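Note that this is a predicted model, so its numbers are computed, not measured. Every chain is numbered from 1, with letters handed out A, B, ... down the list of sequences.
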Amino acid sequence: MSGVLRVEGLSKSYRRVTALDSVSLEVRQGSITGLIGPNGSGKSTLFDCISGFQRQDSCRVLLQGEKNLLDLSDLPPVKVVRAGVRRTFQQLRVFPRLSVLDNLLTAAQAAPGFSTLAEALRWPAVRRHESKNCERAAQVLEECSLSPHAQGPASALSYGQKKLLELGMALMTNPKILLLDEPVAGVNPTLIGNLRQELLRMPKRGVTLFVVEHNLKLVFDICDWIFVLDRGRLLTAGTPADVSKDERVLEAYLGHG
Amino acid sequence: MRRRSALLWAAALGALLLPLAVDSPYVLHIAIVTGIYIVLVQSLNLVLGYCGLLSLASPAFFGVGAYVATLLALRQGWDSTATLAMAMLAGIFSALVVGFPSLRVSRHSFVIVTLSATLLLQLVALNWEEMTRGSLGLANIPAPRLFGMTVRTRIEWYYLSAAAAAIAVFCTWLLVSSRFGRAMIATRDDEQLALACGIDVFRTRLVAFCLSGGLAAVAGSLYAHFISYIDPGVFGFSVSETLLIMVILGGSGTLWGPVAGAVVFTALPEMLRLTPEIRSLLYGVILLSLVLYRPRRLFP
Amino acid sequence: MATDPVFLAQLAANGFSVGLGYALAAVGLALIFGILGQVNFAHGELYMLGAFLLFWAMKQLGLPYGIAAVLMAALMAGFGALLAHVVIVPNLDRGFESVVLGTLAVGIILQNAVRLGFGATPLDVASPLESQAFEIGGVLLFGQRMLVCATFLAAFSGLYAFLRYSEIGRAMRAMAQNREACVMVGIDVRRVTRWTGALAAALTGLAGVVISPLFDLYPNMGTEVVIKSFAVVIIGGMGNIWGAAIAGVALGLAESYAGGLGNAAIRDGIAFIVMIAMLLARPQGLFGRTVRV
């Protein structure tokens with residue numbers, strides 16, 4: 001397996017506080033990779049920097065493209081998404097007033113950039129693109145069993161359904177890698193089971209997962225490889241079996257967790 | 001849904017037949033002004049209603065359109081089709097100048113810069129006397145000639161204004177129901193999520209703002225030709241306030257709400273024969289009570 | 001032709017005194033933005049109201065300039081507290097647009113109320129220093145302008161001491177940093193908001209009192225002040241009081257030289273052009289957004 005995303009020497013500090021201190025890591029193609037660490041260890045900051053939501057101080061973020069490596073460092077979020085890196089947020093986020101279907105279509109807005117005139121006049125190219133997206137959306141709706149709610153507003157969905165919609169939205173553009181920020185936070189056990197099934201199916205769809213999660217049971221269960229962050233530094237990395245035996249990890253969690 | 005479209009058809013038919021039913025020049029005058037206001041209201045609706053951005057630059061683009069069309073018609077003797085097109089381009093360009101630096105930064109700086117632009121342009125119109133004749137204003141603006149037809153009588157004007165209003169509403173509909181419209185609403189409802197979906201928030205807002213500027217400038221040039229006299233008062237801030245009331249009370253972020261707002265709030269002050277001061281005062285009070293008691297209505 | 005050193009010095013003196021006036025006029029706006037994170041769109045009308053209250057106190061009540069000014073500052077503080085209580089306090093947790101629209105509405109109401117009360121014809125207030133002038137090395141210094149400078153010094157040092165040493169001032173600085181934390185440590189956020197409004201309005205009114213004798217009074221006189229104040233606040237860093245002072249002086253000097261060496265049309269546009277340039281080059285302003293003492 002080859003690496004799909006490589007981060008080299010990522011540092012980020014706010015004024016005098018160092019949030020991340022030259023973190024380097026590599027996420028392998030088709031894997032489910034976990035990122036754990038106590039609160040404030042810099043997990044979300046790392047995601048923000050990779051996805052372009054925050055500027056890092058010094059770093060290279062490289063994505064394995066079709067043929068060559070793409071340098072994502074210093075790209076704005078829009079370009080990062082177009083390159084194939086999609087993210088979700090710690091808090092559940094959907095567009096509450098758009099219909100479920102429109103949520104999915106909006107999520108597929110990234111590529112390609114039509115001119116506004118073409119979009120307003122619905123030129124053939126735009127229509128073809130839209131109908132392709134509609135088909136894809138129908139498929140995603142089916143997979144997430146949201147088809148009956150397609151025309152209703154997203155705000156009418158239950159919490160669990162919104163979680164599924166959020167995942168569905170992330171899948172609309174066929175991303176190469178999906179950065180999930182606490183996908184099961186605040187979710188009841190039954191639903192965690194459903195989401196777990198969904199997550200496990202991702203690599204088969206060609207989507208690599210990079211997951212920040214506090215539910216360690218789930219992380220050790222689904223991940224192939226785990227990175228541990230502590231106070232802005234990479235503490236260790238390894239298979240779930242290795243990491244769960246590492247005393248430093250336990251110490252980090254208990255020490256200042 | 002069906003009742004609403006029946007209502008719309010009835011309103012359209014009524015608007016079409018109005019000059020046949022009423023021959024009071026006063027009523028027609030109000031109707032023509034209403035048509036121009038509908039164009040303006042949609043221009044603000046695009047930005048405020050669909051992008052959730054508070055813009056106070058409507059009078060700026062309205063005034064730019066009015067002055068550009070007037071100067072080209074008076075000084076260069078251009079045909080109205082051309083002056084209208086130039087006015088629109090000028091509106092789009094001014095919106096670009098105002099929007100490009102301010103939209104990149106924050107919504108705070110956007111409001112501040114839009115207001116400053118309006119106030120600055122009024123000063124320029126007042127002080128650049130060689131060009132604008134300052135507070136004396138520019139008079140005898142010729143009747144517009146569109147595609148070889150001169151619009152002179154009130155009835156002709158009525159249909160021109162109604163057509164402009166209809167086109168403005170149609171263009172707004174084309175835009176907001178398209179892929180681009182979804183992007184606008186997405187940036188309004190959740191900027192972060194829109195970014196994560198790969199929507200270029202800055203570009204979306206800037207394009208919407210520029211289109212809104214173009215629309216307002218068209219309204220301004222129509223107004224100048226209709227009244228046939230303009231002075232720096234066209235940049236007046238009271239236009240902004242009236243528009244905000246029309247859009248917000250009508251229902252910002254809906255297609256027909258602001259149109260209804262434009263009809264009601266052009267006709268009502270005329271019917272009540274309010275002086276401009278009293279009208280502005282009342283609008284101020286309405287706006288303040290909306291902010292205090294119905295904050296949810298302000299932004300969709 | 002414009003290389004005469006006395007002329008250049010005169011331009012500098014004019015620009016400096018005008019600039020301190022801009023800083024004085026803008027500090028209220030910077031204060032509300034810095035501490036409350038809100039933009040006060042009734043700012044120009046507060047300035048206008050200060051000038052008209054002065055006119056009313058002097059003409060109707062027959063008070064001398066100095067006493068009228070003090071009375072006016074007190075009235076303005078009360079009005080500012082009321083404005084903050086009615087418009088800002090209920091909207092602290094809503095989007096900032098609510099406060100923008102609310103203060104905008106208050107501005108419109110004030111402007112039209114004054115127009116109905118005083119009419120639209122320009123009025124004039126007389127100040128005892130208006131006709132005074134003295135000369136240093138060929139450079140003319142005008143009495144009222146000097147009063148503006150003195151008021152600036154007094155107001156800014158007073159503000160410094162207030163923010164630095166008073167209990168409310170400390171609470172204001174805390175609120176500028178983190179409002180949620182203020183709530184948690186038991187600071188009465190509403191009270192601080194009212195105080196901020198009072199302080200800002202009093203300072204803005206004071207600016208109206210010392211600057212307005214130089215110009216005519218008319219109901220939308222706040223317009224020009226508001227453009228300059230917005231420019232000063234954006235250039236100096238939104239909410240940065242000392243940034244506003246420096247940006248005000250810089251703007252005054254730039255305008256003075258542009259007016260003296262170029263032409264008047266350029267002078268009007270400078271504030272806007274510099275503001276746009278600043279947004280493009282350094283969006284956080286020269287000094288960033290902080291209320292620091």
Side-chain angles (χ1 to χ4, degrees), chain B residues 48 52-54 56 97-98 100-113 115-124 126-131 235-238 240-242 244-245 248 275-293 295-296 298-299, chain C residues 29 33 37-39 41 44 86-87 90-91 94-117 120 219-220 222-224 226-231 233-234 238-239 264-265 267-269 271-273 275-281 283-285 289:
Chain B
L48 178 69
L53 292 168
L54 182 54
L56 300 173
V97 171
V98 173
F100 186 82
S102 60
L103 281 171
R104 262 182 2 143
V105 184
S106 68
R107 274 148 64 234
H108 292 76
S109 58
F110 178 70
V111 195
I112 291 179
V113 173
L115 180 65
S116 303
T118 305
L119 301 178
L120 174 83
L121 284 172
Q122 187 167 27
L123 268 184
V124 170
L126 206 58
N127 292 339
W128 194 6
E129 294 186 342
E130 309 93 88
M131 199 55 140
F235 290 104
F237 184 68
S238 58
S240 231
E241 158 209 6
T242 311
L244 283 172
I245 297 270
I248 293 172
T275 64
E277 286 85 15
I278 299 276
R279 192 187 60 199
S280 282
L281 198 66
L282 273 180
Y283 283 176
V285 172
I286 296 176
L287 204 55
L288 185 61
S289 353
L290 274 174
V291 171
L292 296 180
Y293 302 113
R296 278 172 198 289
L298 296 181
F299 301 97
Chain C
L29 191 68
F33 189 84
Q38 306 288 354
V39 187
F41 272 69
V86 172
V87 181
N91 287 312
R94 297 196 190 116
F96 85 103
E97 281 98 344
S98 298
V99 171
V100 169
L101 281 179
T103 50
L104 201 63
V106 169
I108 293 165
I109 294 170
L110 282 178
Q111 214 184 88
N112 288 287
V114 167
R115 193 168 288 142
L116 286 170
N220 54 351
T223 301
E224 287 180 44
V226 116
I227 307 187
K228 302 284 153 80
S229 301
F230 278 157
V233 163
I234 284 190
M238 305 259 267
R267 198 190 58 204
D268 286 335
F272 187 76
I273 293 163
M275 176 163 92
I276 293 284
M278 189 54 100
L279 285 176
L280 286 171
Q284 69 275 39
R289 188 210 144 180

message = Quick check for you: among C/Ala113, C/Gly102, C/Ala271, which has the greatest number of heavy-atom pairs under 4.5 Å with chain B?
response = C/Gly102
message = Within the supplied structure, the quantity of interest is the number of heavy atoms (other residues, nucleotides, ligands) at a distance under 6.0 Å from B/Glu277 CD; does it exceed 12?
response = yes
query = Quick one: does B/Leu244's side chain get under 4.5 Å of B/Leu56's, heavy atoms only?
reply = yes
query = For the atom pair CG (B/Leu287) and OG1 (B/Thr242), what is the distance rounded to the nearest 0.5 Å?
reply = 10.5 Å
task = State the CZ-OG distance between C/Arg115 and B/Ser280, to the nearest 0.5 angstrom.
result = 7.5 Å
ask   = Out of B/Ile278, B/Val111, B/Leu282, which one racks up the most heavy-atom pairs below 4.5 Å with chain C?
value = B/Val111
request  = Go through the atoms of C/Asn91 and report whether side chain, backbone, both or neither lie under 4.5 Å from a heavy atom of chain B.
outcome  = side chain
Side-chain heavy-atom pair C/Val99, C/Phe41 within 4.5 angstrom cut-off = no
key: Best-contacting candidate, C/Pro90, C/Gly107, C/Ala105, against chain B by heavy atom pairs under 4.5 angstrom   = C/Ala105
key: Structural part of C/Gln38 lying under 4.5 Å from a heavy atom of chain B   = neither
